[in-house]
Undergrad: 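Have a look at this one before I ask anything.
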Amino acid sequence: RVVWDVTAVGWLMSDVNNAFGYRTVATRLPNANCDYEEAELDKPMTYVFFVNRDQLMYDLVERLSTFSAEENLDETLV
């Protein structure tokens with residue numbers, strides 16, 4: 001299954017980066033030949049080449065369960 005909508009959020013959560021295979025590379029820009037070339041920019045980019053779907057989904061369920069439990073606790077205190 002495609003999980004692209006979840007991967008962006010997962011990537012932004014720094015402690016789940018173990019769910020991604022990635023490396024930092026020089027920024028690549030498209031050229032007129034429909035190819036990419038190394039840019040002379042001083043801005044590296046992170047290239048994600050693998051997503052461990054099981055790890056990503058496990059972390060998502062754990063976070064949502066914790067969030068839901070905290071929310072229910074807050075409602076019982078009111």
Undergrad: Would you kindly confirm whether Val6 and Tyr22 end up in one hydrophobic cluster when ILVMFWY residues are joined by side chain heavy atoms under 4.5 Å apart?
TA: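 Per the 4.5 Å side-chain linkage, Val6 and Tyr22 are co-clustered.
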
Undergrad: What pair of heavy atoms forms the shortest contact from Gly10 to Leu56, and how long is it?
TA: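 The answer is CA-CD1, 3.8 Å.
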
Undergrad: Does Tyr47 sit in a hydrophobic cluster with other residues, and if so which ones, taking ILVMFWY side chains as linked at heavy-atom separations under 4.5 Å, directly or through other members?
TA: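 Direct or chained contacts put Tyr47 with Val25, Met45, Phe49, Phe50.
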
Undergrad: Can you sort out the partners of Asp54 under side chain to side chain donor-acceptor pair (under 3.5 Å), two or more places apart, ordered by chain and number?
TA: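 Expected list: none.
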
Undergrad: Look up atom OG1 in Thr7 and atom CG in Leu12, then write down how far apart they are to the nearest 0.5 Å.
TA: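 Interatomic distance, Thr7 OG1 to Leu12 CG, rounded to 0.5 Å: 9.5 Å.
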
Undergrad: For the backbone of Asn33 and the side chain of Asn31, can you confirm whether one donor and one acceptor N or O come within less than 3.5 Å of each other?
TA: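 Flag set: sc Asn31 to bb Asn33 pair under 3.5 Å.
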
Undergrad: Report yes if some heavy atom in the side chain of Asn52 is under 4.5 Å from a heavy atom in the side chain of Phe20; otherwise report no.
TA: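 The answer is no, as the side chains (C-beta and beyond) never meet within the 4.5 Å cut-off.
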
Undergrad: Do Trp11 and Thr46 pass the side-chain contact (heavy atoms from CB on, under 4.5 Å) test, and can you show the C-alpha distance, the side-chain angles, and the key distance before you say yes or no?
TA: CA-CA 11 Å; Trp11 176 255; Thr46 302; 3.4 Å; yes

